[in-house]
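Structure record follows, encoded as structure tokens.
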Number of protein chains: 2
Amino acid sequence: MSPRPDVRDERVNQILDAAELVFAQKGFNQARMEDIAEEAGLSKGTLYLYIKDKDDLIVSILDRIFTGVFELMSTRDLAEKSATDALLDFASKMSHGYQKLSRLLPIAYEFFSLAFRNPVVQKVLKTYLQHYLESVLPVIQRGVDSGEFKEVDPQEVAIAFAAIFEGTTLLWAYNQELIHLDQHILAGVNLLLEGIWA
Amino acid sequence: MSPRPDVRDERVNQILDAAELVFAQKGFNQARMEDIAEEAGLSKGTLYLYIKDKDDLIVSILDRIFTGVFELMSTRDLAEKSATDALLDFASKMSHGYQKLSRLLPIAYEFFSLAFRNPVVQKVLKTYLQHYLESVLPVIQRGVDSGEFKEVDPQEVAIAFAAIFEGTTLLWAYNQELIHLDQHILAGVNLLLEGIWA
DNA sequence: TATAAATAACTGACCAGTCAGTTATTTATA
DNA sequence: TATAAATAACTGACTGGTCAGTTATTTATA
């Protein structure tokens with residue numbers, strides 16, 4: 001018999017949305033809980049009804065992001081295509097996904113930095129690479145088995161693809177005039193593909 | 001005649017060394033000036049005889065790093081070699097250089113994050129890419145002109161190479177068991193080269 | 001009216017930067 | 001050569017402001 005309707009889920013998302021925005025604008029340390037509260041249209045005290053503390057926001061935001069990206073990385077729908085087409089589709093999906101998440105890039109790099117001293121964050125990032133490899137390795141292996149690709153080391157190729165995704169994104173992050181995410185990821189992927197075609 | 005020898009340069013470097021170490025360990029915001037003073041073997045008050053404030057340390061450290069890396073990126077000594085060998089030598093030089101600087105990686109990603117809100121940092125990073133392109137573009141162009149490479153867009157290729165450097169380093173940063181910087185940068189570069197050979 | 005939801009006011013730990021005072025080294029001169 | 005004067009180098013206690021997290025109180029509704 002609640003005297004008020006349960007608004008927990010709504011409030012939590014409201015707070016995480018606000019925290020993402022404020023963290024991206026000011027960085028984790030400069031962001032004040034007061035700022036997040038204001039952005040969420042709540043008072044500071046109310047935040048603490050729904051989150052444990054400021055650190056808790058990091059983990060929650062990471063969770064939300066990676067849940068989304070993991071869905072993005074699925075290659076189940078690419079099983080019918082040639083390995084080349086599957087990789088191209090995957091790359092295009094990734095670069096669109098990254099572009100959509102670009103508002104979170106400042107947060108992402110802060111997390112990368114944080115990973116050096118925070119085991120939880122490091123674990124999350126390792127899991128990310130793991131997921132990626134699980135998605136992409138079978139596709140490359142299929143290309144090798146079918147004779148579509150040379151006898152390359154699939155892991156090396158998968159890592160090179162990942163490096164193109166991550167590296168191009170990083171260059172784009174502070175050079176959006178010179179780098180065009182879509183175009184340059186596609187160019188990089190195509191160069192790699194040229195290198196592995198049988 | 002000064003009553004004491006001038007120790008300014010020595011002290012400044014001493015402080016920057018300490019700041020690099022402490023920033024890498026704790027991150028910029030968690031690092032206390034007291035910590036840096038202790039690490040430098042000086043008192044907190046003395047720091048302020050040689051630096052303006054905490055923010056000033058960021059710019060000074062960035063300056064020191066990039067001065068070193070810009071030297072590394074010179075391709076003057078590679079003019080005699082084939083474009084392929086020049087790029088391979090360049091890649092090897094870069095991966096060794098990055099490995100040597102790996103203690104600064106946490107700082108690097110904090111700077112990337114900072115670049116989104118700090119114009120000075122953003123400028124420095126842009127200059128970095130500029131320098132890189134000025135070093136690498138002529139080598140690729142030479143390869144195209146000599147018929148060693150296909151008729152590729154040199155800028156796209158240069159950016160793909162840079163993405164391999166930066167991306168592999170990023171993956172390696174939180175995955176040193178799975179990724180081997182030397183090996184995977186070399187593998188990536190070789191795949192790209194395979195893709196552009198005439 | 002019982003209680004979930006929200007709030008505004010509050011507290012205390014923290015720390016960048018300051019500055020009055022101290023120490024160490026060199027120079028001048030009796 | 002002793003020692004006084006000059007000053008560069010250094011110190012650490014202190015201050016003022018900030019802000020994460022708490023609490024006492026009010027508001028809204030089932």
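Side-chain atoms are counted along with the backbone in the values below, which use heavy atoms only and exclude waters and symmetry mates. Letters go in sequence order (proteins before strands), and every chain restarts at 1.
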TODO: Quick one, give me the B/S/- string for nucleotides 8-15 of chain C, reading 5' to 3', where B means a protein heavy atom under 4.0 Å from the base and S means that only happens at the primed atoms, P, OP1 or OP2.
DONE: B------S
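B/L49 has its CG atom 17 Å from the P atom of C/dT22, to the nearest Å. To the nearest angstrom, C1' of C/dG17 lies 13 Å from CG of B/L57. Remark: P of D/dC19 and CG of A/D55 are 16 Å apart, rounded to the nearest angstrom. The distance from atom OH of A/Y50 to atom P of D/dG21 is 18 Å, rounded to the nearest whole Å. The nearest whole Å value for the distance from the CZ atom in A/F28 to the C1' atom in D/dC19 is 13 Å. Rounded to an integer number of Å, the gap from A/N29 CG to D/dT18 P is 17 Å. One interatomic measurement links the two molecules: CD of A/E38 to C1' of D/dC19, which rounds to 15 Å at whole-angstrom precision. Summarising the geometry, the separation between NZ on B/K52 and P on C/dG17 is reported as 8 Å, rounded to the nearest angstrom.
Taking a pair as Watson-Crick or G-U with both hydrogen-bonding distances under 3.5 Å, the stems of three or more pairs touching DNA chain C are C:1-30 with D:1-30.
Within 4.0 Å (heavy atoms only), B/L47 reaches no atom of the nucleic acid at all.
Counting side-chain heavy-atom gaps under 4.5 Å among Ile, Leu, Val, Met, Phe, Trp and Tyr, the cluster of B/V59 also holds B/V120.
A cation-pi contact, defined as under 6.0 Å to the ring centre and within 45° of the axis, is absent between B/K93 and B/Y98.
B/K100 meets the salt bridge (Lys or Arg N to Asp or Glu O under 4.0 Å) test with no other residue; sequence neighbours excluded. The ring pair (Phe, Tyr, Trp, His ring centres under 6.0 Å) search around A/Y174 returns B/F112, not counting sequence neighbours.
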Task: Residues A/F70, A/M73; criterion side-chain contact (heavy atoms from CB on, under 4.5 Å); working and verdict - done: CA-CA 5 Å; A/F70 286 161; A/M73 286 198 310; 3.6 Å; yes
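Among residue pairs with one or both ends in residues 185-198 of chain B, those qualifying as side-chain hydrogen bond (donor to acceptor under 3.5 Å, both in side chains) are A/K150-B/E194, B/T84-B/W197; sequence neighbours excluded.
Residue A/R11 has a polar side-chain atom (N or O) positioned under 4.0 Å from OP1 or OP2 of C/dA6.
Between A/D17 and A/R64, at least one side-chain N (NZ, or NE/NH1/NH2) sits under 4.0 Å from a carboxylate O, which counts as a salt bridge. A salt bridge is defined here as a Lys NZ or Arg NE, NH1 or NH2 lying under 4.0 Å from an Asp or Glu carboxylate O, and B/R32 with B/D35 meets this definition.
The aromatic rings of B/Y109 and A/F116 lie parallel to each other, with less than 30° between the two planes, well short of the 60° mark.
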